[in-house]
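To keep things clear, I will list the structure first and then write my remarks on it.
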Amino acid sequence: MIKCIIIGRKNSGKNLFMQELAKADFAIAKSYTTKKQPDDDDKSYNFRHYYISEEDAEIFENKILETEHDGNKYFYTKEEIEKADIICLDVKGLREITTLYPDTAFRIVCIMAANDKRLISAVADKEDKITAEEDFKQLCIAENAEFEEFEDKLTSGNLVIENIHM
């Protein structure tokens, strides 16, 4: 069995890519998140997340691949991962899933986009573009710690994880 992992920095185009995969009937793993649900008019994230409260997040017993971004908790359940063809993860989750599922082959699709393109995406729908740009720059600094080593290994061909196929 081969599962596909989508990985990339914030605003790199992961959602757009995954929406196209969902249209082609690939099963997308939905994470549970304490992030505020977008307005009803914006359905772009609804295929990727189950929106829950902080209290509800604490009662789940079968959480795996837990992470936190921008103060919001994210996790999957084993059942969600096992039925999915496509899983969106951060770098920490990539390392964790290969350990949790050593007999599963994973293919990585890393979405890499230039910071100026990501910035355009990050501020596009925001009223206060100056604050949104400042927030994005802070996010880039925070992401660098997670992504720089991974991206260097990926582009140089030195990312060696036994059950990962590029």
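This one's a predicted model, so the numbers in the text were calculated from it and none came from an experiment. Only heavy atoms go into these numbers, but all of them, side chains included; no hydrogens, no water, no symmetry mates.
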Item to complete: Would you check, one step at a time, whether the test side-chain contact (heavy atoms from CB on, under 4.5 Å) holds for Y74 with D90?
Response: CA-CA 11 Å; Y74 295 82; D90 58 12; over 6 Å; no

Practice prompt. With salt bridge (Lys or Arg N to Asp or Glu O under 4.0 Å) as the test, would you mind laying out the steps for K73 and E54 before giving the verdict?
Written response: CA-CA 8 Å; K73 295 176 184 175; E54 288 274 344; 3.4 Å; yes

Item to complete: Report the C-alpha distance between T155 and M112 in whole Å, list the side-chain angles of each, state the deciding distance to 0.1 Å, and finish with yes or no for side-chain contact (heavy atoms from CB on, under 4.5 Å).
Response: CA-CA 11 Å; T155 56; M112 298 175 93; 4.1 Å; yes

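For the atom pair L16 CG and I111 CD1, the distance stands at 9.0 Å (nearest 0.5 Å). Rounding to the nearest 0.5 Å places OG1 of T34 at 10.0 Å from CD of E55. Separation of atoms CG (L89) and OG1 (T67) is listed at 9.5 Å; rounding is to 0.5 Å. Remark: F147 CZ to I7 CD1 distance equals 5.0 Å, nearest 0.5 Å. One distance of note links CG of L94 with CD of E96; it measures 10.5 Å at 0.5 Å rounding. The distance from atom CD1 of I81 to atom CD1 of I87, rounded to the nearest 0.5 Å, is 4.0 Å.
Contact between G71 and E68 at its shortest, heavy atoms only, is CA-OE2, 3.6 Å. Here the shortest heavy-atom pairing between L100 and L65 reads CD1-CD2, 4.1 Å. Shown here for A57 and K63, the closest heavy-atom pair between the two residues is O-NZ, 2.9 Å. Between R48 and C88, the closest heavy-atom pair is NH2-SG, 3.3 Å. Minimum heavy-atom separation, S31 to Y76: N-CE2, 3.5 Å. When all heavy atoms of K126 and A132 are compared, the closest pair comes out as CG-CB, 3.6 Å.
Counting heavy atoms from C-beta outward, Y50 and E80 have side chains that approach closer than 4.5 Å. Side-chain contact between K78 and Y101 is present, with at least one heavy-atom pair separated by less than 4.5 Å.
Counting non-hydrogen atoms of neighbouring residues, nucleotides and ligands closer than 6.0 angstrom, the CD atom of E127 reaches no more than 12 such neighbours. Environment of CD1 in I59: crowded, with over 12 heavy atoms of neighbouring residues, nucleotides or ligands closer than 6.0 Å.
With hydrogens and angles disregarded, no donor-acceptor distance shorter than 3.5 Å links the side chain of R9 to the backbone of A113. Side-chain atoms of S121 do not come within 3.5 Å of backbone N or O of K117 as any donor-acceptor pair. Here the side chain of K14 pairs a donor or acceptor atom with the backbone of G8 at under 3.5 angstrom.
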Please set out all donor-acceptor pairs under 3.5 angstrom arising from side-chain atoms of residues 133-141, sequence neighbours excluded.
residue : atom : partner : partner atom : Å
E133    : OE2  : K137    : NZ           : 3.2

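A continuous path of hydrophobic side-chain contacts links V109 to F26 [ILVMFWY only; heavy atoms under 4.5 Å].
Ring geometry for Y32 versus F75: interplanar angle under 30°, hence parallel rather than tilted (30 to 60°).
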